[in-house]
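Inspection log for the structure reproduced underneath, given as structure tokens.
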Amino acid sequence: MARSYEPHDIEVKWQSVWDAEGLYKVSEDPARPKKYVLEMFPYPSGDIHMGHVRNYSIGDVIARYWTMRGTNVLHPIGWDSFGLPAENAAIKSDSHPATWTYANIEKQAASFRRMGFSYDWDRRLASSDEEYYRWGQWIFIKFWERGLVERKSSPVNWCPSCMTVLANEQVIGDGVCWRCKSVVQKRELEQWYFKITEYAQELLDDLDELPGWPERVKAMQANWIGRSEGAEVDFKLCDASGEPTDETITVFTTRPDTLFGCSFFLLAPEHPLVARLVEGTEYAPSVNEVVAGAAKETAIDRSSTDKEKNGAFIGRCVVNPVNGEKVPVWVADYVLMEYGTGAVMAVPCGDQRDFEFARKYGLPIPPVVVPADDPLYEQLKDQTERVVTDVDWDVAHADEGIMVQSGQFTGTPTGKHGEGVTKVIAWLEERGQGHASINFRLRDWLISRQRYWGNPIPAIHCPSCGLVPVPEADLPVVLPADVDVTKGETLADHPEFYETTCPACGGAARRETDTMDTFTCSSWYYLRYCDARNDAAIWDKDKADYWMPVDQYIGGIEHAILHLLYSRFFTKVFRDMDLVDFAEPFTNLLTQGMVKLDGATMSKSRGNVVAPEDMIARYGADALRAYILFMAPPDKDLEWSQDGLDGMYRFLGRVWRYVTEVAEEPVSDSPATDAEPAKVLRRERHRVVGKVEDDIERFQFNTALSAMMELLNAATDYRRTVPEENRDVSLEREVATTLVLLLAPYVPHMAEELWREVLGVQTSVHRAEWPVWDPMAAAADEVEMAVQVNGKVRARLVVDAGASEDTVRELALALPKVAEHTEGLTVRKVLVVPRKLVSIVAN
RNA sequence: GCCCGGGUGGCGGAACAGGCAGACGCGUCGGUCUCAAAAACCGAUGAUGGAAACAUCGUGCGGGUUCGAUUCCCGCCCCGGGCACCA
């Protein structure tokens, strides 16, 4: 009597055997094609959750599949282990961030082993390890040498709960902190930046080089980078009496063709000119009120579109370069200091915001671009001078139209990318009053954090030399262990850390006490995996060039901008440093959906968590792995349901029974006498291998599994319907073997047990070759075709797969059902779709 | 407002290049086995009408192209996500 399927014993057993055999260790092998399969490394937050199970199961199937296809697969794991939650947890439990972090890493590592993931553990890393973060500091120094590091003062995002500044990318939704969801505040602070904006154009352009990325991620990045084409235009500032001075204010505009419609000029409340120009004038009180009002607003208020716009005249004018007209300068709270130059030429006829502002303050709205079907067009079509200064429109006209009241340009068709734009820019350039320009929404990456548990920024503030990098030879700047975060301490509270000497002049100096954003750690870990134990260099270039780029990257959509944009930036800088030979780190990206319960993301605070450990305890890791992949395609959100897991467990039990039964059957010499059912089963075997192959490569793990279920159904049908003495046992063996091989990436432990212990193979199923299939053998020799009359299926026809169209047509027309439905009608047309259907048109 | 997804049985989902809608699984119902139950196995299962054969309807809505549309085109509705006073 064969054993029944007992997942727990076999899973734990094989995990230790694989470890002992070093089954998943890999090294460079130029003779074989390589693949680098990588899942985003986890933050060691505690226990693993279903999202982890899903993410890492997807990667594991892909890694195991390609290994079986003869590919040299790198599949590493590590931890993104610096970061704020460790400090918060330490404060709560009165311990040290390191204690909490490393305990969690061990816990997660144990869970990953228990899930049977095929990692090369020798490459394991943690970003909080000194041997890792020292290279992060080295990167900082190298970026500095390349002019990509800057310390500057600007309005930054401050999270009052995390007590640190944040990068723009880390402020999400309605102006909240990505990690704790608190509303962030704006503060003017001096901080460290990586100049990611220097790569803005390339980061945008190279999205086109990533066909293996989801459109939506690329769209989000393009959106974030926010490239706008337009022009910079210089306006001369007038003095208090209205006479033009030599001082100019530059604006960025995407619509230089509307310059003739500029009837006022706007400055952001934070613009330095505002305070300077109104100081001591009669305009100061009203202007200051607007400035103060804007400063008080939270990020949420400020980004609200339907908020009423406020402004005040500052008492000065600027000269419109196209017509010499003097237009009043206002301060307006809807003008952003962070975008463009913080100054805007207002064209109320063509911009909805300016339109509203003009209406509120009674400013003129001269129409300069009108659609041909607007009554104004007839009136103004040859009008070069301004005669109309207001419109009866309800909204601004921002679309295409024809230029009017626009001097020599009158009559030119124009729009966002219209002829008018090009002409006006050329004219401005000729006269030295402006030039074509491109503006990005992307800001430089603020990387300094006022927190302890991070990578210390290797910089020294010297009173005489200024900012000095820590010399390469002095790296790493070790994060001291004796900082007590439970007392709210940071590095800035530890003189023994920050008191130092200047490496340049030797005088007393102060070490930087900010640490780096954790996203700097995760921007290059995938490269370190290629050569994780190297202590002489960040990585060996040959090794990196062998394994990289990552062929398949798998992770959550929440990093669509953050981690994925930063990593692309790092890679481009590494390329410029000649550390790598490629410009994009991740060739193919799969963003997996969330695992939900009752329609909501599982979370401890919500109390709707299904613990993977509980599922493993009941069903084993194999059933859990297979089930989470079977539930839905990987990129879709899925709703957790317990019942389906029972079904998967049942399926594995049926596979187990089938394989063990077949394995016990003696292989007799008696020839199979029941040819047709055997033929069907053999055909099914070939078809399913092909289908599973195709499905895995398209990440359709759910349909791959259902194909395996179909094969098992066919196999057990055969066993049930064909009398024992007529069964082709060698065929059944082949089917059983095939099933085990197909299942190996999904249920590695059960497959291994069946392979080695039941089928008696000496070597691991995970080193076995993927089964071969023959498309000819997978094709049926008879096919059932549907016969339609006027678009409705009226009959079915079983014909030889190779039957000619004429034969099929004749057979179809001869069917009684067809005669019935064409009675009294004339057959006009008969279409034959080979092997699919016959369509008869009659009327 | 702009940009991406998505809408198919009771449920998760399938249909890859315009060709039999609902594979596979869950659930439900019926059956076999059993003293009984569980497990396991077998069968049925989109809706409506019909004893059945069968017929009609059916992939968010309305049009269109086509012999034929879940699939392509046009116009909408709803849900999810991203961006948004970006000049």
Side-chain angles (χ1 to χ4, degrees), chain A residues 4 172-174 214-224 226-228 230 251-255 258 266 268 302-309 332-336 338-347 350-354 356-357 398 439-442 557-558 560-561 593 627 630-633 635-648 650-651 653-654 657 691 694-695 698 700 702-710 712-713 716-717 720 784-796 817 828-843:
Chain A
S4 60
I172 56 166
D174 291 324
E215 281 309 314
R216 128 174 120 124
V217 174
K218 288 191 279 187
M220 281 163 76
Q221 290 211 355
N223 210 339
W224 186 261
R227 182 182 194 271
S228 293
V251 298
F252 173 76
T253 177
T254 55
R255 292 296 300 274
T258 63
L266 302 168
R302 185 110 191 209
S303 66
S304 155
T305 326
D306 43 45
K307 206 202 62 176
E308 182 161 320
K309 296 159 180 36
D333 61 0
Y334 69 95
V335 178
L336 306 173
E338 305 92 83
Y339 187 79
T341 60
V344 172
M345 62 175 226
V347 182
D351 182 285
Q352 186 58 24
R353 298 155 296 175
D354 298 341
E356 286 164 24
F357 193 81
N439 202 37
F440 291 94
R441 208 188 75 101
L442 181 72
I557 187 74
E558 67 273 16
I561 295 166
Y627 176 56
F630 180 67
M631 287 180 85
D635 54 332
K636 280 184 69 176
D637 286 356
L638 66 79
E639 173 71 25
W640 179 262
S641 136
Q642 190 75 36
D643 296 337
L645 184 50
D646 285 312
M648 181 54 69
R650 213 173 297 158
F651 166 67
R654 289 180 62 210
R657 204 170 333 123
K691 165 99 175 132
D694 194 40
D695 282 351
R698 293 187 304 134
Q700 297 281 333
N702 53 336
T703 50
L705 278 159
S706 65
M708 292 180 230
M709 290 172 178
E710 285 170 330
L712 179 69
N713 289 344
T716 51
D717 279 353
R720 196 179 64 247
E784 189 186 75
M785 295 174 73
V787 181
Q788 296 184 342
V789 178
N790 290 336
K792 282 183 178 156
V793 180
R794 297 298 183 182
R796 281 160 209 290
K817 273 281 169 196
R828 301 287 173 194
K829 209 172 181 182
V830 180
L831 283 112
V832 177
V833 182
R835 308 162 67 86
K836 297 273 185 189
L837 60 64
V838 184
S839 183
I840 297 163
V841 187
N843 59 14

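Reckoned from all heavy atoms, side chains included, excluding hydrogens, waters and symmetry mates. This is a predicted model, so every value here is computed, not measured.
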Atom pairs under 3.5 Å, N or O on each side, protein against nucleotides 29-34 of chain B: can you list them with distances?
none

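In this structure, CZ of A/R216 is placed 8 Å from C1' of B/C4, rounded to the nearest angstrom. Atom CZ of A/F357 is separated from atom C1' of B/C85 by 12 Å (rounded to the nearest Å). The interatomic distance linking A/M709 (CE) with B/C24 (P) rounds to 11 Å, in whole Å.
Between A/E356 and A/R353, none of the side-chain N atoms (NZ, or NE/NH1/NH2) sits under 4.0 Å from a carboxylate O, so this pair counts as no salt bridge.
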Go along nucleotides 6-15 of chain B 5' to 3' and tag each nucleotide: B for a protein heavy atom under 4.0 Å from its base, S when only backbone or sugar atoms are that close, - otherwise.
-> ------BSS-
Its contact letters, B for base, S for sugar-phosphate only and - for none at protein heavy atoms under 4.0 Å, make nucleotides 58-64 of chain B read -------
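Classified by its glycosidic torsion, B/G9 falls in the syn category, the angle being within 90° of 0.
Under the rule for a salt bridge (Lys or Arg N to Asp or Glu O under 4.0 Å), A/R657 has no partner lying at least two apart in sequence or in another chain. Every residue was checked against the salt bridge (Lys or Arg N to Asp or Glu O under 4.0 Å) condition with A/D354, not counting sequence neighbours, and none meets it.
Residue-level contact check: A/R794 touches the backbone only, with heavy atoms under 4.0 Å from sugar-phosphate atoms and none from bases.
For the residue pair A/N713/A/R654, the side-chain donor-acceptor check at 3.5 Å is satisfied.
Scanning atom types as modelled, one donor and one acceptor separated by under 3.5 angstrom connect the side chain of A/K309 and the base of B/C85.
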Please, what dot-bracket string fits RNA chain B when only Watson-Crick and G-U pairs with both distances under 3.5 Å count, crossing ones use [ ] and pairs to another strand use |?
-> (((((((..(((......[....)))((((((.......))))))((((....))))..(((((..]....))))))))))))....
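Comparing B/C16, B/C67, B/A40 against the side chain of A/D694 picks out B/C16 as the nearest.
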